[in-house]
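Numbering of residues begins at 1 and proceeds along the displayed sequence. Values reported hereafter were calculated over all heavy atoms of this structure, with side chains retained and with hydrogens, waters and symmetry mates removed.
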Amino acid sequence: MSEKQEKGILAGKIVAGALAIVLLGLPALSAQAAPTGPGAVPDPEKYDAETLKRLQDNRIEYDEIPNLVHEYNPDISKAWEMYMDTRKDYASMVTELESQYWTVKQTADGYVTAGKLMGSPMLVATGRQLDRTYLGVVQGMRDVVNEWGTNRQATSALRRAERQVVAGTQSAMIGYETIRQNIATLETMVWLYEQQAEMAGRQTELGMTTDNNLASANASLLGARTQLASLRDQQESVRRTLCMLLGFAPDSEPEICSIPEFDFTRLDGMDLEKDTIKAIGNNYTLISQRTSAKGSTNGQTAARSRMIEEGDDKLTIEMQRLYQDVLDKKAAYQAAKTGYEAAELNRAACERQYELGLLSRVQYIGTQISYYQKKGEKEAANLSLLQAMETYDWAVLGFATVSD
């Protein structure tokens, strides 16, 4: 084994050990404020001016979730802080060892001098080996300090935890946006149903319609009001969860920005065959299986091989399912978009007819209800497609579930 390899092993053990200490002390997700807190200034060297400004603007935007989680999630930011604090302690230890080098050097030189005087090659070699070994260990430890924040092997568990929180936060924000859009639609629908019920009541009094029509209108209104109240309760619960995940106090009121329309260019990067290979290579469950003990008997070795093969097969099937789900959600979005566009054209035509007196108030309200229903379906389909795409991409990065 080369000296460089020895240093690498030493670095990996030391940094992995430090990370283990951090993760063992990592609590479950709490509602406590992050160590720095949203609005505090992150390390300016990590971000450009525009990104830094966005991180401090008290707004939650979908595309900045990874940075917000890294900087402000209570547990993730604390884990990184502890990890980097461990680096400071370790760096101090290295500095102390470096300051002791001349003492070691004098001892080593003494062995060499004595060996030469006594004609002992063994003593000379011992002195020189002591000098090289000490310098090698100190340099290896110094390399660990210099690569502390970028050592992928040592920080893999922490980065994995951070990615899981990012994925969960994305889902929470998609859920929040879905509820918010549904509320906006239902608020309009309630108003339209109120108009419809009011007209149905007047028509019933005049004998122009049946009690069944009035009952149907009132049932639609009651259903919409009940659903609206339920959604408002759900919205507050999801809002508090989203704030907690990003380090905001639960009672704070950051601006939660709307999620933009789905970027269809993301679909161009999908390649099921290549993505499945990547997913198998990245999947944490399968990595654990592949790195497990091979066993001491032929039977144990064979069982391990079957387990690995079955895991690969299960993930392949799961990737096929996730891929198809994206395609299904894409088709559903396109259908909803087509329905919405048709409803939009019909609405515009009906508004002209209504203005000209060619359409009754009852017919006009019915057209408006249909339009907002189609609009809501399109918005929901857009967010469903986004969630399916995110789930697929996270699976490629190693976060797909491999069932037992």
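The structure places CG of Leu383 at 10.5 Å from CE of Met173, a figure rounded to the nearest 0.5 Å. Rounding to the nearest 0.5 Å gives a distance of 12.5 Å between NZ of Lys330 and NZ of Lys337. Interatomic distance, Gln324 CD to Lys329 NZ, rounded to the nearest 0.5 Å: 10.5 Å. In this structure, CD1 on Ile174 lies 4.0 Å from CG on Leu386, to the nearest 0.5 angstrom. Atom-to-atom distance recorded for Ser370:OG and Ile365:CD1 is 12.5 Å, nearest 0.5 angstrom. Met189 CE to Lys375 NZ: the interatomic distance, rounded to the nearest 0.5 Å, is 11.5 Å.
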Worked verdict on Arg266 versus Val326 for side-chain contact (heavy atoms from CB on, under 4.5 Å): CA-CA 11 Å; Arg266 292 181 63 178; Val326 173; over 6 Å; no
Stepwise salt bridge (Lys or Arg N to Asp or Glu O under 4.0 Å) check, Glu379 with Arg180: CA-CA 11 Å; Glu379 291 170 343; Arg180 176 163 57 188; over 6 Å; no
Step-by-step side-chain contact (heavy atoms from CB on, under 4.5 Å) determination, Met319 to Tyr392: CA-CA 7 Å; Met319 288 301 297; Tyr392 180 87; 3.7 Å; yes
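In terms of modelled atom types and a separation under 3.5 Å, the side chain of Asn283 and the main chain of Ala400 share a donor-acceptor contact. Counting only distance, with no hydrogens or angles, the side chain of Asn346 and the backbone of Ala342 share no donor-acceptor pair below 3.5 Å. A donor-acceptor pair is defined here as one N or O able to donate and one able to accept, closer than 3.5 Å; such a pair exists between the side chain of Asn182 and the backbone of Thr178. Judged by distance alone, with hydrogens and angles left aside, the side-chain atoms of Arg239 form no donor-acceptor pair with the main-chain N or O of Ile256 at under 3.5 Å. Proximity of a side-chain donor or acceptor of Ser171 to a complementary backbone N or O of Ala167 within less than 3.5 Å is detected. Checked by atom type and distance alone, the side chain of Ser77 pairs as donor or acceptor with a backbone atom of Asn73 at under 3.5 Å.
More than 12 heavy atoms of other shown residues, nucleotides or ligands fall within 6.0 angstrom of atom NZ in Lys378. Residue Glu255 places its CD atom among more than 12 non-hydrogen atoms of other residues, nucleotides or ligands, all under 6.0 Å distant. Applying the 6.0 Å contact sphere to CD of Glu309 captures no more than 12 heavy atoms from other residues, nucleotides or ligands.
The two residues Leu272 and Tyr323 come nearest to each other via the heavy atoms CD1-CB, 3.8 Å. Scanning both residues, Ile280 and Thr316, for their nearest heavy atoms gives CD1-OG1, 3.8 Å. Listed here is the closest heavy atom pair of Cys257 and Glu61: SG-CG, 3.6 Å. Pairing each heavy atom of Ala395 with each of Ala279, the nearest pair is O-CB, 3.5 Å. The shortest heavy-atom contact between Ile259 and Tyr62 is CD1-CD1, 3.9 Å. The two residues Ala79 and Leu158 come nearest to each other via the heavy atoms CB-CD1, 3.5 Å.
Comment: Arg232 engages Glu187 in a salt bridge, judged by a side-chain N to carboxylate O separation of less than 4.0 angstrom. Residues Arg321 and Glu318 are paired through a salt bridge, judged by an N-O separation under 4.0 Å between the basic side chain and the carboxylate. In this structure, Glu355 does not pair ionically with Arg352, as no charged nitrogen and carboxylate oxygen lie closer than 4.0 Å. Salt bridge annotation for Glu50-Arg54: absent, with no cationic side-chain nitrogen under 4.0 angstrom from a carboxylate oxygen.
In summary, the side chains of Tyr372 and Gln368 do not present any donor paired with an acceptor at a separation below 3.5 Å, with no hydrogens or angles considered. Checked by atom type, the side-chain pair Glu351/Tyr371 shows no donor-acceptor distance below 3.5 Å. Side chains of Asp48 and Thr51: a donor on one and an acceptor on the other come within 3.5 Å. In the model, Glu261 has a side-chain atom that pairs as donor or acceptor with a side-chain atom of Tyr333 under 3.5 Å.
Figure legend: Arg163 and Phe399 shown without cation-pi pairing, the cationic atom not lying both under 6.0 angstrom from the six-membered ring centre and within 45 degrees of its axis.
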